[in-house]
Amino acid sequence: MAQPEQLLEPILALHDRIRAGVLDAGNRQSTEQLAGVSGGGAGDTIYGIDRVSEAVLVDELTAVAREEPLVLIAEGLPSAGLVLPGGAREEDCRWRLLVDPIDGTRGLMYQKRSAWILTGVSPNRGGATPPRLRDIVLAVQTEIPLRKQHLADQLWAFRGRGVTARRWNRLSGTHEPLLLQPSPAGTIVHGFATVVRFFPGARDVLAAIDDETVAAVAGPPAAGKAACFEDQYASTGGQLYELMAGHDRFIADLRPLLGPTLAERGLPPGLCCHPYDLSAALIAEELGVILTGARGEPLDAPLDLEADVAWIGYANQRLRSLVEPALQAALHRRGLLPDP
């Protein structure tokens with residue numbers, strides 16, 4: 001299995017099995033069972049619904065790894081990752097997989113919104129320069145729909161080769177080709193533009209940054225009118241999908257910058273985006289979505305479970321040129337940007 005192309009079909013099959021397992025569990029178990037806290041540790045809190053996907057993940061990839069060993073790094077698993085199959089040596093692994101088995105757990109377990117299965121494949125480069133997000137050469141993203149929803153999307157991309165997308169029909173079991181295109185708009189007016197503020201602690205600061213940026217970009221509001229809208233979709237994969245599908249024009253997840261603010265308020269560090277949440281970001285970039293770090297640098301992060309990642313997404317370059325200066329100015333005024 002020398003080429004990443006040979007991993008595509010096994011990963012698609014893995015995603016299909018996770019999706020089927022989660023949908024089945026949702027039909028058999030109550031919301032209270034699926035929403036029960038099942039563990040923690042590296043990464044996010046683990047809920048009952050997450051355990052359904054983890055069992056399928058390890059089982060399916062162990063079968064794949066019998067042909068060629070691999071390193072699995074995934075939310076809910078040990079932070080050092082798993083070398084599969086058991087007994088294999090990490091230095092003999094050609095590939096490293098970064099996986100979020102369910103991104104958007106909270107919305108899915110309460111049947112509010114779709115979740116996503118995210119996987120990024122990187123060469124297993126060890127030593128002094130371990131792999132990073134920029135090293136991912138294959139990414140796959142699969143929608144886990146609500147129980148009442150019969151259509152679900154699946155996307156994948158190889159670096160430098162564009163995106164393939166298809167839509168699955170639960171009723172017929174068939175797939176149809178899907179064309180996704182980010183918004184070509186040059187303004188956020190009348191569109192969706194979001195500064196992420198999912199959780200308590202410093203939402204007032206994030207809201208102020210949002211208001212200041214929108215005022216600078218969209219101008220003074222008109223009485224009784226909404227200049228633009230926001231969508232607090234608590235799933236990074238879901239947010240990236242909204243940018244890819246042309247639904248959203250700008251999204252900024254700046255939570256890691258709020259650490260000092262929270263400390264001043266006597267609060268612990270908050271829950272932030274982690275690299276596994278961005279393991280399929282390659283797909284968005286291949287579609288033309290522009291993804292950056294907090295300072296406007298190309299988005300990157302280590303392939304681990306712990307790093308806090310700030311990211312900003314723009315549907316196109318015109319929107320970046322419009323929004324980025326105002327956003328950067330709002331961050332600088334508050335002393336929130338890290339030193340270069």
Around atom NE2 of His190, are there more than 12 heavy atoms of other residues, nucleotides or ligands at under 6.0 Å?
-> no
Answer yes or no: is there an ion pair linking Glu297 with Arg295, defined by an N-O contact shorter than 4.0 Å?
-> no
Spell out, yes or no, whether Val205 and Leu262 are grouped together once hydrophobic residues are joined by side-chain heavy atoms under 4.5 Å, including indirect joins.
-> no
Kindly indicate, with the supporting measurements, whether the criterion side chain to side chain donor-acceptor pair (under 3.5 Å) is fulfilled by Ser321 and Gln317.
-> CA-CA 6 Å; Ser321 298; Gln317 182 58 48; 3.2 Å; yes
Do Leu327 and Leu254 come within less than 4.5 Å of each other through their side chains, counting heavy atoms only?
-> yes
Under a 4.5 Å side-chain heavy-atom rule over Ile, Leu, Val, Met, Phe, Trp and Tyr, are Phe199 and Val196 clustered together?
-> yes
Go through the steps to decide whether Gln149 and Ser114 satisfy the test side chain to side chain donor-acceptor pair (under 3.5 Å), and finish with yes or no.
-> CA-CA 9 Å; Gln149 179 182 335; Ser114 292; 3.2 Å; yes
Who pairs with Phe229 by ring pair (Phe, Tyr, Trp, His ring centres under 6.0 Å), at least two apart in sequence or on another chain?
-> Phe192
Heavy-atom closest pair, residues Arg320 and Pro325 = O-CD, 3.8 Å
Derivation of the side-chain contact (heavy atoms from CB on, under 4.5 Å) call for Leu299 and Leu278 = CA-CA 10 Å; Leu299 177 64; Leu278 292 159; 4.1 Å; yes
Glu143 versus Gln154: any side-chain heavy-atom pair under 4.5 Å?
-> no
Does some side-chain heavy atom of Asp103 sit less than 4.5 Å from a side-chain heavy atom of Ile117?
-> no
Main-chain N/O of Trp116 paired to Gln141 side chain as donor or acceptor, under 3.5 Å = no
Is the side chain of Ser279 donor-acceptor paired with the backbone N or O of Val99 at a distance under 3.5 Å, no angle test?
-> no
Are the side chains of Thr261 and Leu336 in touch, meaning some heavy atoms are under 4.5 Å apart?
-> yes
Yes or no on side-chain contact (heavy atoms from CB on, under 4.5 Å) for Asp16 and Trp168, after CA distance, side-chain angles and deciding distance?
-> CA-CA 10 Å; Asp16 289 348; Trp168 175 59; over 6 Å; no
Does the salt bridge (Lys or Arg N to Asp or Glu O under 4.0 Å) test come out yes or no for Asp135 and Arg132, once each step is laid out?
-> CA-CA 5 Å; Asp135 296 312; Arg132 300 178 63 83; over 6 Å; no
Quick check: does any side chain N or O of Gln3 sit under 3.5 Å from a backbone N or O of Glu5, one acting as donor and the other as acceptor?
-> no
Can you give each donor-acceptor pair under 3.5 Å made by side-chain atoms of residues 213-223, sequence neighbours left out, with the distance rounded to 0.1 Å?
unit_1	atom_1	unit_2	atom_2	d
Thr213	OG1	Ile209	O	2.8

Taking the side chain from Asp300 and the backbone from Arg134, do they hold a donor-acceptor pair closer than 3.5 Å?
-> yes
Check whether the side chains of Gln6 and Glu68 place a donor and an acceptor atom closer than 3.5 Å, and report yes or no.
-> no
Nearest heavy-atom approach of Asp100 to Ile102 is OD1-O, 3.1 Å
Taking the side chain as C-beta and beyond, is there a heavy-atom pair between Ile11 and Trp156 under 4.5 Å?
-> no
Among the clusters formed by ILVMFWY side chains lying less than 4.5 Å apart, do Val189 and Leu243 turn up in the same one?
-> no
Inter-residue atom distance Ile188.CD1 - Leu322.CG, 0.5 Å rounding | 7.0 Å
Does some side-chain heavy atom of Gln232 sit less than 4.5 Å from a side-chain heavy atom of Arg197?
-> yes
Do Leu240 and Trp311 have side chains that get closer than 4.5 Å, going by heavy atoms?
-> yes
Give a yes or no answer on whether the side chain of Asp304 reaches the backbone of Ala307 with a donor-acceptor pair at less than 3.5 Å.
-> yes
Nearest heavy-atom approach of Thr236 to Asp277 is CG2-O, 3.5 Å
Decide whether Phe198 and Leu271 are clustered together by the hydrophobic rule: side chain heavy atoms of Ile, Leu, Val, Met, Phe, Trp, Tyr closer than 4.5 Å, transitively.
-> yes
Does Tyr233 belong to the same Ile/Leu/Val/Met/Phe/Trp/Tyr cluster as Leu180, with side-chain heavy atoms less than 4.5 Å apart forming each link?
-> yes
Salt-bridge test for Arg159 and Glu286: reply yes if a basic N is under 4.0 Å from a carboxylate O, no otherwise.
-> no
Any donor-acceptor N/O pair, Asp248 side chain to Phe250 backbone, under 3.5 Å = no
Side chain to side chain, Val140 and Leu155, heavy atoms closer than 4.5 Å | no
Evaluate the side-chain contact (heavy atoms from CB on, under 4.5 Å) criterion for residues Arg96 and Glu90: first the C-alpha distance (whole Å), next the side-chain angles of each, then the deciding distance (0.1 Å), finally the verdict.
-> CA-CA 10 Å; Arg96 183 175 290 254; Glu90 182 171 345; 2.6 Å; yes
Residue pairs passing the salt bridge (charged side-chain N to carboxylate O under 4.0 Å, His left out) test with at least one member in residues 164-188, sequence neighbours excluded, are Asp153-Arg167
